[in-house]
Amino acid sequence: MQLAAARRRLLLPGAPLVSGALAGRAGLRSGSGSGSGAHIRAMSAAAAGAAAAAPPPLVVAIDGPAAAGKGTVARLLAERLGLAHMDTGLLYRRVAAAALAAGARLDDGPALAALASALPPLERTPEAELRSEAVSQAASKVSALPPVRAALLQAQRDFAASPPPPFRGTVLDGRDVGTVVCPAATAKLFITASPEARARRRLLELQARHSEPNPGPNAAAAGPSGPAPAPAPAPAPSLEGVLAAMRERDERDAARAVAPLAPAADALVLDTTGLGIEQALAAALAHVRAREAAAAAAGGGG
Ligand SMILES: Nc1ncnc2c1ncn2[C@@H]1O[C@H](COP(=O)(O)OP(=O)(O)OP(=O)(O)O)[C@@H](O)[C@H]1O
Ligand SMILES: Nc1ccn([C@@H]2O[C@H](COP(=O)(O)O)[C@@H](O)[C@H]2O)c(=O)n1
């Protein structure tokens, strides 16, 4: 049990948000552990009764190609509906970043699966590094390997099945959430947009990041002759470059043999090409609420 919680904490993309809740849960566990064995059994029976009465957690599965707005809609849905959010792409990005840092081959399934099973704490890798183009492409390569996918699957399912308190459910976004990770999700969305619209959105995001002030020379790296020189600025991204890289990744994700990028048969396909974020969110919210109501009417709760 403790191992499972520790593993979930290790892998959770939302660790800073969720780890506090998990820490609280661990506190509760150690509190009940201080009682007698009978007390623990009584607590377990009560907990089992409550669990039997409680509806199953709401699970929202969101898939789609790169820069379609999955993460944006998932975060906003989670806020509006009181759900915990997992960006499953971050799991693959972390494996890719670890592989690049270790100089590992990106086609060595067993070695990469070992890395995936022992990811360092999330806070150790800056998010900007995880979102770099090198890591995006590497993530798309390592995610095509069945041993890597197998190593990451259970943590995603555990998260969906047991939302960290106080959340009543979860939203997971990625490529195979509705098809493989949570095929019985309460609501499924496949969020897409034209490649050009997606590339423009990503370009805006990259330009904003590019124009952020350079943090400057790293004081910690200062030598006897003064601070280390600032690294050369990265070249400004272009629309053509972003579009080409995005197409390459989407094609690889859709063509792979295992868990390819594809809408689930029962997913709502939401094309956001002409929609702003608020409009996309409204459509997603309406779908999730309708599916949740249908599940409740059918007696399935979430
Ligand atoms: N409907 C929309 N209209 C305009 N911009 C949007 C819309 N949805 C998202 N964006 C912007 O597009 C960019 C990509 O969105 P987001 O990161 O949510 O995509 P994603 O599908 O999660 O991408 P990835 O799979 O590559 O992580 C962000 O800068 C976001 O603010
Ligand atoms: N469920 C998932 C999620 C992601 N991937 C792969 O990771 C890459 C990065 O994902 P982002 O969502 O952060 O863009 C993506 O291109 C996929 O190759 C996946 O396979 N399954």
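Just so you know, ligand 1 is whichever comes first in the structure, and atom 1 is the first atom listed for that ligand. All values below were derived from every heavy atom in this structure, side-chain atoms included, with hydrogens, water molecules and symmetry-related copies excluded.
- Checked by atom type and distance alone, the side chain of Arg149 pairs as donor or acceptor with a backbone atom of Ser143 at under 3.5 Å.
- Contacts between Arg175 and ligand 2, counted as non-hydrogen atom pairs separated by less than 4.0 Å, involve both the backbone and the side chain.
- Taking a cutoff of 4.0 Å between a charged side-chain nitrogen and a carboxylate oxygen, Arg201 and Glu205 do not qualify as a salt bridge.
- Contacts between Met246 and ligand 1 below 4.0 angstrom, taking non-hydrogen atoms only, are absent altogether.
- Residue Ser143 has at least one nitrogen or oxygen atom sitting less than 3.5 Å from a nitrogen or oxygen atom of ligand 2, judged on distance alone.
- Judged purely by atom type and a 3.5 angstrom limit, His287 uses its side chain to pair as donor or acceptor with the backbone of Lys188.
- In terms of modelled atom types and a separation under 3.5 Å, the side chain of Lys70 and the main chain of Ile191 share no donor-acceptor contact.
- Heavy atoms of Ser136 found under 4.0 angstrom from ligand 1: none, in either backbone or side chain.
- Residue Leu275 touches ligand 1 through its backbone alone, judged by heavy-atom distances below 4.0 Å.
- In this structure a side-chain-to-backbone donor-acceptor pair under 3.5 Å is present from Arg256 to Ala259.
- Side chains of Ser140 and Asp253: a donor-acceptor N/O pair is present below 3.5 angstrom, by distance only.
- Arg93 has no carboxylate O lying under 4.0 Å from a charged side-chain N of Glu133, or vice versa, which leaves the two without a salt bridge.
- Of the heavy atoms in Lys141, none comes closer than 4.0 Å to ligand 2.
- Residues Thr192 and Arg198 have side chains that never bring a donor and an acceptor to within less than 3.5 angstrom of each other.
- Other residues, nucleotides and ligands place no more than 12 heavy atoms under 6.0 Å from the CZ atom of Arg105.
- Of the protein's non-hydrogen atoms, the one nearest atom 19 (O) of ligand 1 is Gly69 N, 3.1 Å.
- For the ligand labelled ligand 2, residue Val177 lies outside the 4.0 Å heavy-atom shell.
- Here the side chain of Gln207 pairs no donor or acceptor atom with the backbone of Pro237 at under 3.5 angstrom.
- Counting protein heavy atoms only, atom 18 (O) of ligand 1 is closest to Thr72 OG1, 2.5 Å.
- Polar contact with ligand 2: absent for Asp87 (N/O pair, distance under 3.5 Å).
- Checking side-chain atoms of Thr186 against main-chain N and O of Val59 turns up a donor-acceptor pair under 3.5 Å.
- The protein heavy atom nearest to atom 13 (O) of ligand 2 is Arg93 NE, 2.6 Å.
- At least one heavy atom of Arg249 lies less than 4.0 angstrom from ligand 1.
- Between Lys70 and ligand 1, an N or O atom pair is found at a separation short of 3.5 Å.
- Inclusion of Ala68 in the set of residues having an N or O under 3.5 Å from an N or O of ligand 1 is warranted.
- Put simply, the side chain of Asp173 never gets that close to the backbone of Ala61: no donor and acceptor are under 3.5 Å apart.
- Considering backbone and side-chain atoms alike, Ala280 places every N or O at 3.5 Å or more from each N or O of ligand 1.
- A salt bridge is absent between Asp63 and Arg175: the closest approach of a Lys/Arg side-chain nitrogen to an acidic carboxylate oxygen does not fall below 4.0 angstrom.
- By the 3.5 Å distance cut-off applied to N or O atoms, Ser136 is not counted among the residues near ligand 2.
- In the hydrophobic clustering of ILVMFWY residues, with side-chain heavy atoms under 4.5 Å counting as a link, Val135 and Leu145 come out together.
- Of the protein's non-hydrogen atoms, Arg249 NH1, 2.8 Å is the one closest to atom 14 (O) of ligand 2.
- Every N/O-N/O distance between Lys70 and ligand 2 stays at or above 3.5 Å.
- Assignment of Ala67 to the shell around ligand 1 is supported, since a heavy atom sits closer than 4.0 Å.
- Residue Arg149 places a heavy atom less than 4.0 Å from ligand 2.
- The closest side-chain heavy-atom distance from Phe159 to Pro57 is not below 4.5 Å.
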Inset, instruction - Please report the C-alpha distance between Arg131 and Ser136 in whole Å, then the side-chain angles of each, then the deciding distance to 0.1 Å, and finally whether the side chain to side chain donor-acceptor pair (under 3.5 Å) criterion is met. - result: CA-CA 6 Å; Arg131 304 258 170 225; Ser136 300; over 6 Å; no
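- A continuous path of ILVMFWY side-chain contacts below 4.5 Å connects Leu58 to Leu189, so both sit in one hydrophobic cluster.
- Looking at atom 7 (O) of ligand 2, its nearest protein heavy atom turns out to be Tyr92 CB, 3.5 Å.
- Taking every heavy atom of Gly71 and a limit of under 4.0 angstrom, the matching atoms of ligand 1 come to 18 (O), 20 (P), 22 (O).
- Summarising the contacts of atom 28 (C) of ligand 1 with Arg75, Glu205, Arg200, the nearest heavy atom is found in Glu205.
- Where the criterion is an N or O separation shorter than 3.5 Å, residue side chain and backbone included, Asp176 meets it with respect to ligand 2.
- The shell of residues lying under 4.0 angstrom from ligand 2, judged by heavy atoms, excludes Arg252.
- Asp176 places no side-chain N or O within donor-acceptor distance of the main-chain N or O of Thr179, the cut-off being under 3.5 Å.
- Of the protein's non-hydrogen atoms, Ile277 CG1, 3.4 Å is the one closest to atom 7 (C) of ligand 1.
- Each of the following atoms of ligand 2 lies closer than 4.0 Å to a heavy atom of Asp253: 15 (C), 16 (O), 17 (C), 18 (O).
- Of all protein heavy atoms, the one closest to atom 3 (C) of ligand 2 is Thr88 OG1, 3.4 Å.
- In terms of protein heavy-atom proximity, atom 10 (N) of ligand 1 is closest to Arg201 CD, 3.8 Å.
- By the 4.0 Å heavy-atom criterion, Pro65 is counted among the residues contacting ligand 1.
- Here the shortest heavy-atom distance to atom 17 (O) of ligand 1, taken over Glu278, Arg131, Arg202, belongs to Arg202.
- Nearest to atom 10 (O) of ligand 2 among the protein's heavy atoms is Gly89 CA, 3.5 Å.
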